[in-house]
Amino acid sequence: MELYVQDYPLHSSILKRRASTCPTSIGFFPTMLRRQGRLIEAAGGFRISASATTTLEQPGGKRVVELVGAFNDLTERMNMKALSTSSSHILFKSLKISLPILQTLPLAPDGRSPLARALSVAVVLADLQMDAEVISAGMLREVLEAGAISIHEVRNRIGTGTAHLLHESYRVKNIPSKVDVLDDDSAAALRKFCLTYYDVRAVILDLALKLDTMRHLNYLPRYQQQLFSLQVMKIHAPLAHAAGTNSLSLELEDLSFQYLFPYSYLYVDTWLRSHETGSKPLIEIYKDYLLQSLKSDPLLTDMVDDISINGRYKSRYSTMKKLLKDGRKPEDVNDILGLRVILKPSDGVNMSEVGEKACYRTREIIRSLWKEMPNRSKDYIARPKANGYKSLHMSVDVSDNGRTRPPMEIQIRTTEMDTLAAGGVASHSLYKGGLTDPAEAKRLKAIMMAAAELAAVRLKDLPSSNRKGIEIDHRDRVFRLLDKNGDGKISIGELMEVMEELGAKGEDAREMMQLLDSNSDGSLSSDEFDIFQKQVELMRNLEARDDQYKAVLNRKLQMADSSGFINHAEKSLWTALQ
């Protein structure tokens with residue numbers, strides 16, 4: 001019996017369950033043929049047999065699936081060009097150590113498995129483009145806290161850098177206990193202390209752990225949710241802003257806001273979502289429309305080599321601050337929607353001049369698409385700010401078909417302008433994060449940059465005549481790591497070695513080799529292993545899809561229960577916190 005997989009990924013446990021109950025095919029998906037008990041790729045896609053799924057459900061098979069899937073997921077999210085061989089080895093070794101231990105630990109208090117928590121933290125760090133040492137430390141924190149490994153062992157088996165980050169992150173974790181009263185002054189002092197005396201990467205690791213906890217805080221009693229959220233709002237969200245991780249800061253603020261002021265949060269969230277139409281977010285619709293318009297303009301494309309657009313919604317927390325602090329009505333908040341256009345000028349002698357002309361041409365195109373709001377336009381290219389900041393700022397009215405929408409703010413700049421702005425924003429972030437002296441903010445920024453640059457130098461590959469700058473696909477990295485002798489194939493011995501490291505039996509390795517070895521030569525080629533990796537993606541993605549659907553359902557249920565007004569007690573508390 002064989003199962004056909006539909007055009008959405010199916011987890012292996014679902015496939016296995018359906019295999020026992022449904023003898024017919026399930027929908028249409030291009031197939032992977034099974035020949036003599038082995039899986040091979042056919043034109044168009046995959047067919048997954050029940051016996052193949054059963055093999056991968058064995059302890060050894062499941063651990064290899066997790067190892068390959070987790071490594072591919074993390075490296076795909078990271079900056080692949082900056083991922084050195086040494087970084088790949090660090091990440092791979094950390095996963096091999098972590099996975100078998102995490103899979104045997106009891107569930108966490110929030111109901112998740114320690115493996116799910118560790119991978120969740122690692123994904124946050126990978127999305128922040130942190131290096132392999134930080135991501136490895138994020139994976140190993142759960143193992144370390146369970147007492148299954150010591151920092152000394154981490155240093156010997158992984159490296160000094162990862163062990164150092166684990167040690168530092170524990171010190172940062174205990175920072176809030178250093179004060180008795182969590183007022184504004186003590187919170188600012190703690191943030192300054194962290195940035196001055198700890199590796200900024202350890203600070204970001206601790207912030208990623210805080211974010212993961214905030215995402216799964218429902219299991220705690222209400223008063224504990226509020227106590228934890230207040231600490232995050234006072235210390236960690238501003239610290240994330242000061243450390244330059246703005247996305248972390250915004251989500252920490254919004255999650256804290258949701259637990260501290262649930263009625264206010266629902267009011268703002270419901271209002272923001274009322275502007276959405278269909279399943280595609282409004283900001284994505286405008287982003288795609290603008291990008292298509294810019295790329296189809298011949299004058300602009302002659303001046304630039306690349307055009308990119310970043311979109312964002314104003315956070316719920318920031319929106320609420322404007323509504324309460326400034327006394328505005330929701331429709332008077334002008335930067336709910338935001339786009340940033342970044343232009344890469346064509347190579348040439350006058351790149352700066354060409355880049356400025358491209359910015360102004362972009363502004364003309366935007367004026368042809370939407371009605372500009374002149375009183376909100378700023379030309380920081382003709383008149384740069386005192387710190388050298390250059391950019392065009394404009395707001396446009398995107399209301400259509402009689403439906404009123406919030407104005408959309410658009411920034412236009414070149415890649416050079418964006419790089420300079422990022423440096424300025426970094427110092428400004430430190431300043432806004434609670435450091436009242438601008439000179440001190442710049443000094444701490446230099447310390448933070450030095451720590452990151454030192455890690456980058458340590459993890460960088462040495463020049464090699466064999467590499468020749470060839471870019472390696474993230475799938476091929478796993479194959480190279482398993483092919484320890486570099487002969488271009490994975491032998492049964494190499495497969496057994498890695499599976500034993502994962503705590504599996506040798507018999508599991510032989511079954512997996514029989515399953516994947518389509519030409520029966522006793523080894524796995526890169527093509528055969530690539531087919532396996534594609535199946536791993538199918539098996540792993542369903543869980544993520546399920547989580548996504550659950551989140552959407554919970555959000556809709558919350559909106560249905562929304563009272564539609566701001567609780568007066570919450571408003572008083574808001575006033576006290578401002």
Side-chain angles (χ1 to χ4, degrees), residues 5 9-13 15 32 38-41 46 48 52-78 80 83 85 87-103 113 115-116 118-120 122-123 126 132 135-136 139 472-484 486 488-506 508-518 523-544:
V5 185
L10 293 178
H11 189 258
S12 57
S13 60
L15 289 172
M32 174 188 286
R38 302 175 183 87
L39 294 176
I40 62 173
E41 187 174 27
F46 310 109
I48 302 177
T53 303
T54 301
T55 298
L56 295 180
E57 278 291 301
Q58 298 298 323
K62 289 173 70 174
R63 288 176 182 177
V64 173
V65 166
E66 285 292 351
L67 174 66
V68 173
F71 181 86
N72 282 341
D73 187 23
L74 294 174
T75 54
E76 191 172 10
R77 292 168 181 270
M78 297 167 69
M80 292 300 295
L83 186 62
T85 302
S87 295
S88 296
H89 279 285
I90 288 171
L91 193 56
F92 200 66
K93 284 190 291 184
S94 298
L95 286 168
K96 283 196 296 184
I97 291 172
S98 303
L99 291 178
I101 297 172
L102 291 171
Q103 286 176 327
S113 70
L115 176 59
L119 288 175
S120 176
V123 163
I135 297 171
S136 296
M139 281 291 303
I472 301 173
D473 184 79
H474 77 279
R475 292 180 187 273
D476 199 35
R477 288 182 184 273
V478 187
F479 181 80
R480 289 169 180 258
L481 288 164
L482 292 174
D483 175 21
K484 295 190 175 183
K489 57 187 179 182
I490 301 172
S491 66
I492 183 63
E494 289 168 329
L495 186 59
M496 287 180 71
E497 183 178 344
V498 72
M499 291 187 76
E500 286 172 359
E501 289 176 321
L502 292 170
K505 299 175 182 178
D508 289 348
R510 281 186 283 272
E511 287 186 13
M512 181 167 283
M513 178 63 76
Q514 183 183 14
L515 172 70
L516 303 177
D517 180 17
S518 59
S523 63
L524 300 180
S525 67
S526 60
D527 288 339
E528 290 169 331
F529 193 73
D530 188 54
I531 294 170
F532 165 65
Q533 294 196 74
K534 290 176 181 177
Q535 185 185 358
V536 168
E537 287 185 5
L538 287 173
M539 295 167 64
R540 283 173 54 85
N541 284 343
L542 182 65
E543 290 183 0

Sorted by chain and number, sequence neighbours left out, salt bridge (Lys or Arg N to Asp or Glu O under 4.0 Å) with Lys96 holds for Glu501
Ser98: partners by side chain to side chain donor-acceptor pair (under 3.5 Å), with sequence neighbours left out: none
Here the pair of heavy atoms bringing Met78 nearest to Ala132 is CE-N, 4.1 Å
Ignoring hydrogens, what is the shortest heavy-atom contact between Lys489 and Glu494? Give both atom names and the distance. O-OE1, 3.2 Å
Minimum-distance pair of heavy atoms, taken over all atoms of Glu66 and Leu99: C-CD1, 3.8 Å
Rounding to 0.5 Å, atoms CD1 (Ile490) and CD (Glu497) come to a distance of 12.0 Å
At their closest point, which heavy atom of Ala118 faces which heavy atom of Met139, and how far apart are they? O-SD, 3.7 Å
For a quick test of reading the model, state the closest non-hydrogen atom pair linking Leu74 to Ile135 and the distance between them. CD1-CG2, 4.1 Å
Say whether, by atom type as modelled, one donor and one acceptor occur between the side chain of Ser94 and the main chain of Ile90 under 3.5 angstrom. yes
Here the pair of heavy atoms bringing Leu481 nearest to Ser88 is CD1-O, 4.1 Å
